[in-house]
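Take a look at the structure below.
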Amino acid sequence: MGKKLIHASHFTTSLAKRSPKRYNRLKAIIDNDTFKINPKNPLKEKRLWKYWKNRKTLFSQINNGKIYMTSELWFSVTPEIIAQFLTQFIKSCLPNAKCVMDVFCGGGGNSIQFAKEFSRVIGVDNNLDHLYCTAMNSHAYKVEDNLWLRYGSWSTKFIRENESWLHKEHIDCVFASPPWGGPEYLHADTYDLETMLIPMGITPLLRTFKQISSNIILFLPRNSSLTQVSQATREVFGIQEKCKVLYVKQNGYMKGILCIWGQPFINYQTEGENVVDLSDIEGDELEKTPNTKESTSNIDLYDING
Ligand SMILES: C[S@@+](CC[C@H](N)C(=O)[O-])C[C@H]1O[C@@H](n2cnc3c(N)ncnc32)[C@H](O)[C@@H]1O
């Protein structure tokens, strides 16, 4: 199944055998350990200092000197506590799940946590440097046995060309943290999910995911338009379908929202004492805000504090 999938445990050797051209592009990076983070050498790029200061929130293992990052990954990786929460949430709602797909897997922030709980995790990314970082980082967390990686650009064409093995995988849940367009996303009052999200708007993106699994989770900017979330839900899944939105806060700072589709997730009580074991995270149902009345009546809002 999925001949083009590369097992994370032998990512570089498999890449060298199967795609020598791609391997040659990475060779100098591999030989020089370019992306390996030395915890004793703070980053030189000023714009990354704040991420460096909080590096342990991204990967708790980072000070052990086994984590690999590109410049872009510093502001892209999902903080570990959020990735852990999400994994536990999926596990609680889908206790028999085996296979989770992480589209746009970046440096493996999510894939690694998924691989701790699920026996088959498939990470997809169109940046070979990032796939390499994910593979190396999975070694740091000793979860490489459960992780397979696929180089490719997510699109309707990708689905068409990979339809056969994607269906054979029986993917229980698709998670995606698509690029938000860099830290500039915060300059807009409302983040337009149809025009600002990369590589496509929320509606076409959901259509691609729906072909793979009915359980879908997206990590989106905190200022995302809920009206668009609601409209996309109706357009892609029909008027009866609901979307659960979790507001994710870390140390009081809103990091983003998790938009969740699929009956097992919607039916699961994300409040009170029945919430998954969140360690120091708790869930409380939020009052619907005034601008989210009728047009977003198919959305349930919750607040998650880390
Ligand atoms: C926000 S990051 C994901 C971070 C990841 N969740 C983590 O915790 O490390 C988005 C990723 O999407 C990838 N990407 C951008 N466009 C893509 C496309 N068309 N197909 C696949 N991956 C893409 C980027 O290379 C980047 O690694």
Side-chain angles (χ1 to χ4, degrees), residues 4-6 8 22 25-26 35 37 51 54-62 67-87 90 100-116 121-138 140-141 143 147 149-162 166 173-186 191 193 196-202 204-205 207-209 212 216-222 224 248 250 255-259 306:
K4 291 181 182 165
L5 294 180
I6 298 186
R22 283 188 196 138
R25 281 200 340 247
L26 266 188
F35 296 141
I37 300 302
Y51 301 100
N54 297 315
R55 62 193 177 281
K56 276 184 81 176
T57 64
L58 300 180
F59 288 112
S60 57
Q61 296 292 321
I62 202 159
I67 292 296
Y68 288 66
M69 297 280 265
T70 64
S71 297
E72 185 185 330
L73 286 176
W74 282 101
F75 49 82
S76 305
V77 169
T78 304
E80 191 166 286
I81 193 167
I82 296 174
Q84 283 170 342
F85 159 72
L86 181 60
T87 303
I90 298 174
V100 175
M101 183 173 238
D102 182 9
V103 181
F104 316 112
C105 68
N110 293 100
S111 292
I112 286 168
Q113 298 305 323
F114 292 152
K116 283 185 181 170
V121 176
I122 301 171
V124 180
D125 207 286
N126 70 348
N127 184 325
L128 203 56
D129 294 350
H130 290 179
L131 280 184
Y132 170 66
C133 289
T134 294
M136 299 310 283
N137 294 340
S138 73
Y141 283 80
V143 295
L147 181 60
L149 299 170
R150 174 67 159 83
Y151 175 72
S153 185
W154 194 261
S155 60
T156 45
K157 184 166 169 258
F158 179 94
I159 301 275
R160 224 177 21 251
E161 291 175 353
N162 294 279
L166 278 170
C173 175
V174 179
F175 168 75
S177 169
W180 300 350
E184 293 75 27
Y185 75 90
L186 280 174
Y191 186 94
L193 290 166
M196 296 166 84
L197 213 55
I198 297 166
M200 60 184 97
I202 185 169
L205 192 61
R207 284 196 210 287
T208 63
F209 294 157
I212 297 169
I216 300 168
I217 302 182
L218 282 179
F219 190 41
L220 297 173
R222 65 185 197 212
S224 293
V248 182
Q250 193 180 18
K255 299 297 274 188
I257 61 173
L258 286 165
C259 294

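Atoms within each ligand, like the ligands themselves, are counted from 1 in listed order.
Tested against Tyr68 for a ring-ring contact (aromatic ring centres under 6.0 Å, His included), the candidates Trp74, Phe35, Phe59, Tyr132 yield a single pass: Tyr132. For the side-chain contact (heavy atoms from CB on, under 4.5 Å) with Val143, the lone residue among Asn137, Val121, Ile112 that qualifies is Ile112.
For Ser155, no heavy-atom contact with ligand 1 is shorter than 4.0 Å. Only the side chain of Pro199 comes within contact range of ligand 1, with a heavy atom under 4.0 Å; no backbone atom does.
Which of Leu131, Ile82, Asp125 comes nearest to atom 11 (C) of ligand 1 through a heavy atom is settled by distance: it is Asp125.
Contact atoms of ligand 1 toward Cys105: 5 (C), 7 (C), 9 (O) (distance under 4.0 Å to a heavy atom of the residue). The distance from ligand 1 to the heavy atoms of Ser153 drops below 4.0 Å at these ligand atoms: 18 (C), 19 (N), 20 (N). Applying the 4.0 Å criterion to heavy atoms of Ser76 picks out, from ligand 1, the atoms 1 (C), 2 (S), 4 (C). Each of the following atoms of ligand 1 lies closer than 4.0 Å to a heavy atom of Gly109: 7 (C), 8 (O), 9 (O).
Close placement of the Trp154 and Phe209 rings is indicated, their centers lying within 6.0 Å of each other.
Using a non-hydrogen distance threshold of 4.0 Å, Gly152 registers as a contact of ligand 1.
Of the polar atoms of Asn127, none of the N or O atoms is found under 3.5 Å from an N or O of ligand 1, judged by distance alone. Checked by distance only, ligand 1 and Val77 stay at 3.5 Å or farther apart across all their nitrogen or oxygen atoms.
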